[in-house]
Structures are given as C-alpha cells and as structure tokens.
Protein chains: 2
Amino acid sequence: MHDRRHSGLPDLESLMGQFHAYLSKKQLKSTRQRDLIAQKFFAAHGHISIEELLNLSRAENPRIGYATVYRTLKLLAECGLAAQRRFGDGQTMYETAGDTEHHDHLICIECQHVLEFQNDDIEHEQERVARSFGFSLVRHRLELYGLCPRARGIKGGWCPNEEQRKLSD
Amino acid sequence: MHDRRHSGLPDLESLMGQFHAYLSKKQLKSTRQRDLIAQKFFAAHGHISIEELLNLSRAENPRIGYATVYRTLKLLAECGLAAQRRFGDGQTMYETAGDTEHHDHLICIECQHVLEFQNDDIEHEQERVARSFGFSLVRHRLELYGLCPRARGIKGGWCPNEEQRKLSD
DNA sequence: TTCGGTGCAAATAATTTGCAGTGGT
DNA sequence: ACCACTGCAAATTATTTGCACCGAA
C-alpha cells in the first residue's frame with residue numbers, strides 16, 4: 001500500500017540535479033553552502049525544521065547562518081523540491097516534495113511524532129469530490145491526528161517516537 | 001452535499017454555553033471581553049485571523065487588546081471550540097470546531113477562496129488507515145487545493161469568490 | 001571582473017509575558 | 001475580599017533584510 005516510498009524515491013543525485021537545473025535556469029549560482037544545505041535536507045527526506053537543518057549543516061560547516069538556510073529553503077520551495085508545513089504550535093517544518101511521491105501524515109497528539117502513509121482510495125475520492133464542485137485538483141494536504149498505541153495505554157505498545165530514536169542512534 | 005452548513009450548525013447560544021461550562025469547570029471567569037470575543041468568533045463561523053477578530057471586537061469595545069484575543073482564543077482551543085490553522089504563508093487562522101460538525105476544505109489556488117465539504121467515504125477510509133497503524137483517530141485536517149471552474153477558463157464558470165460575495169451582501 | 005551569495009547583526013512580525021490596576025464570584 | 005483578568009508595554013521567538021566582504025561564472 002505505501003512501500004512506494006522505499007522504491008520509487010528520487011535519489012539524492014537526481015534531486016540535486018533538479019535543484020541545480022533550477023538555479024541555472026534562473027541564473028543563480030550553485031555554492032557550497034546551498035549544496036550542503038540541500039543535501040542535508042534531501043538526506044533527511046522527512047520532516048525537518050530550519051533549526052535542525054542548520055545544525056546538520058553546521059556539523060560540516062560551522063559558519064553557516066540562519067539566513068542562508070532560510071534563503072536556500074525558499075529556493076527549494078520555489079522549484080517545488082521542498083514544501084513548507086506548519087503543524088500544531090511548533091516551528092515551521094519543511095519536507096521534500098518530489099513530484100513522483102506524495103504522502104499524508106498521521107500524527108500522535110501525545111508524543112508529537114509523525115508517520116507518513118499513502119492511500120489510493122482516499123486520493124481517488126478526493127479527485128471525485130473536487131470534480132463534483134467543478135474544480136481540478138492540483139494538490140492536497142491530509143493530516144490525521146490521533147493517539148499511538150503507546151499513548152492509548154496499550155502495554156508494550158509501539159510508539160513512533162521511540163521507533164525514530166532507535167533508527168537514528 | 002454541504003448545505004448541512006445552513007442547518008445542523010450549533011447555534012451561538014449553545015456554543016457560548018459550552019464555553020461558559022468549560023470556564024466554570026476550570027474555575028475561570030466569564031468576562032465581558034471573553035464573551036464579546038467568543039461571540040464575534042462564533043458569529044464569523046468561518047476562518048478568521050487574530051487581527052480580524054480583534055478589529056471586530058474593537059468595534060464594540062475599542063479597548064480590547066491583542067493579548068486578550070490571543071488568550072481567549074487559546075481557551076476556546078483548549079475546550080475544543082476553536083482550531084488553529086495555518087494555511088499557506090499568511091497569518092494563523094482560527095475556525096470554529098464544534099464537535100457535531102466537521103468539514104474539510106476545497107481551496108482555489110487562483111481566487112483563494114475556500115469551500116467546505118464533507119465526504120463520508122473519505123472519513124471512513126481515514127479511520128481505517130489510523131487503525132491499521134494502531135492509532136485511534138481524534139481529528140483530522142483535509143485540504144484540497146485546485147482551480148475553480150472560472151479559474152480553469154470555463155466561460156461563465158462559477159467562482160466561489162463571487163458566490164460568496166453574493167451571499168454576504 | 002562581475003554580480004549574486006554569505007554571514008552577521010539589526011529590523012520586523014507574530015506571539016507571549018510581567019505587572020499594576022480592574023472586576024467576577 | 002480574593003484572586004483571576006485586562007490592557008499596556010516590554011520580552012521572546014521566528015523570520016527577513018541591509019550591508020560589507022567573498023566567490024562562482
């Protein structure tokens with residue numbers, strides 16, 4: 001149902017390629033900083049905040065500043081490679097938005113973590129709704145908020161938060 | 001399909017009642033300012049920004065300040081009567097979120113206007129997805145972005161923007 | 001060599017908070 | 001009367017901008 005995520009994903013090289021193509025089309029320049037930030041961003045291919053991205057980038061180049069991260073992310077958004085998202089109260093997050101791939105979000109309101117999923121039935125139904133109003137559908141956003149098994153009090157229940165921790169250690 | 005908006009909506013009185021119930025349960029006080037802001041908010045029962053709400057409230061009581069509006073909206077959100085929403089880049093918007101009623105959004109990316117709709121098939125499928133991850137679903141947000149008939153270039157096409165204007169005159 | 005890019009610090013914008021006085025209960 | 005609430009202004013936080021210097025084309 002959603003393992004598309006792990007196969008058809010554009011690879012880093014192709015994403016960087018798209019980015020560079022956009023820059024040169026607009027007569028803008030490729031710089032170390034932009035490349036570094038874009039690579040970190042693509043590598044994280046999930047949800048990342050400006051601050052996290054800054055920290056990742058500073059690990060390799062400590063002199064990178066907030067402004068450059070903001071500016072680079074704005075470029076990435078312009079060329080459709082990043083999408084701005086503002087969940088609950090927290091900071092603004094960005095995510096990769098390759099054309100081929102789309103996912104929706106399932107968010108635990110207790111541990112705050114975010115799972116991605118994809119469901120074709122929902123997508124089709126959305127198409128139908130839009131058509132029924134005479135609209136042509138361009139894009140959408142679907143976020144489900146709920147409680148993960150752990151938060152629901154299921155003992156030994158699985159929690160996306162911890163899952164994530166395990167993966168990143 | 002969406003004329004439910006004009007029938008089953010909780011009325012102002014009932015909404016104010018829920019608000020007051022919440023306040024007294026929490027041993028908080030009902031004040032003129034809170035009542036005024038809440039009423040303006042419910043009356044607008046669509047999407048409204050802090051600033052718009054402040055202006056509406058100031059029309060009746062010019063001394064209302066931003067802080068009070070923020071604080072009141074936070075209370076309304078706590079008791080489930082308001083929901084914070086951050087669309088594109090603009091300001092944060094709030095909308096009424098009565099328990100009985102739920103709607104999703106269909107937004108024209110050209111004329112910026114927002115239609116509400118409700119589709120049970122999608123709702124059910126969302127439930128199923130959440131369950132398949134072991135989540136219990138609490139609430140969701142669905143926004144469809146597209147082009148309205150007019151924007152698609154259909155001559156004489158219908159445009160939610162103008163529709164709205166007609167209704168509110 | 002030429003502009004656009006970068007880093008920093010200062011500017012803005014959005015939201016929150018401290019406090020002295022006001023007002024529900 | 002008590003303690004929460006309000007309005008204001010100051011504080012915080014997130015994001016943008018101005019500018020002198022740097023570096024890709």
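Order of the sequence lines sets the chain letters (A, B, ...), proteins ahead of strands, with each chain counted from 1.
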TODO: Report the end-to-end axis angle of the helix from dT1(C)-dA25(D) to dT25(C)-dA1(D); each axis comes from five terminal pairs, and the value is rounded to 10°.
DONE: 40°
Euclidean distance, atom [atom1] of residue [X] to atom [atom2] of [N] [Å, nearest integer]:
{"X": "Ile50(B)", "N": "dT15(C)", "atom1": "CD1", "atom2": "P", "value": "6 Å"}
{"X": "Arg34(B)", "N": "dA4(D)", "atom1": "CZ", "atom2": "C1'", "value": "8 Å"}
{"X": "Asp35(A)", "N": "dT6(C)", "atom1": "CG", "atom2": "C1'", "value": "14 Å"}
{"X": "Met93(B)", "N": "dA14(C)", "atom1": "CE", "atom2": "C1'", "value": "15 Å"}

Task: DNA chain D-proximal residues of residues 60-74 of chain A, any heavy atom under 4.0 Å - done: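 Residues of residues 60-74 of chain A that come under 4.0 Å of DNA chain D are, in numerical order, Ala67(A), Tyr70(A), Arg71(A), Lys74(A).
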Using side-chain heavy atoms (C-beta onward) and a distance below 4.5 Å, is [X] in contact with [Y]?
{"X": "Leu144(A)", "Y": "Leu142(A)", "value": "yes"}
{"X": "Gln126(A)", "Y": "Ile122(B)", "value": "yes"}
{"X": "Phe41(A)", "Y": "Leu56(A)", "value": "no"}

Task: Side-chain (Arg139(A)) to main-chain (Tyr145(B)) donor-acceptor, under 3.5 angstrom - done: no
Open item on the list: Would the distance check show the side chain of Glu52(B) and the main-chain N or O of Ser49(B) forming a donor-acceptor pair, the cut-off being under 3.5 Å?
Closed with: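 The answer is yes, because a donor-acceptor pair under 3.5 Å joins these two groups.
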Quick one: which protein N/O atoms are closer than 3.5 Å to N/O atoms of nucleotides 20-23 of chain C? Pair and distance per line, please.
unit_1: dG23(C); atom_1: N2; unit_2: Lys29(B); atom_2: NZ; d: 3.1

Open item on the list: Strictly by salt bridge (Lys or Arg N to Asp or Glu O under 4.0 Å), give each pair with a member in residues 128-137 of chain B just once, sequence neighbours left out.
Closed with: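 For residues 128-137 of chain B: Glu125(B)-Arg128(B), Glu127(B)-Arg131(B).
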- [ ] Write out all pairs satisfying salt bridge (Lys or Arg N to Asp or Glu O under 4.0 Å) with one or both partners inside residues 25-43 of chain B, taking only residues at least two apart or from two chains.
- [x] Lys40(B)-Glu60(B)
Open item on the list: Ring-plane angle category for Phe19(B) and Phe42(B), please: parallel below 30°, perpendicular beyond 60°, tilted otherwise.
Closed with: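 Because their plane-to-plane angle is over 60°, the rings of Phe19(B) and Phe42(B) count as perpendicular.
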Nucleotides 20-22 of chain D: which of its N/O atoms have a protein N/O under 3.5 Å away?
none

TODO: Tell me yes or no: between the side chains of His105(A) and Glu143(A), is some donor less than 3.5 Å from an acceptor?
DONE: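 No, no side-chain donor-acceptor contact under 3.5 Å.
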TODO: For Gln39(A), enumerate each residue passing the side-chain hydrogen bond (donor to acceptor under 3.5 Å, both in side chains) test, keeping only those at least two apart in sequence or located in another chain.
DONE: none
Could you list the donor-acceptor pairs under 3.5 angstrom formed by side chains in residues 69-81 of chain B, with sequence neighbours left out?
unit_1: Thr72(B); atom_1: OG1; unit_2: Thr68(B); atom_2: O; d: 2.8
unit_1: Glu78(B); atom_1: OE1; unit_2: Tyr22(B); atom_2: OH; d: 2.6

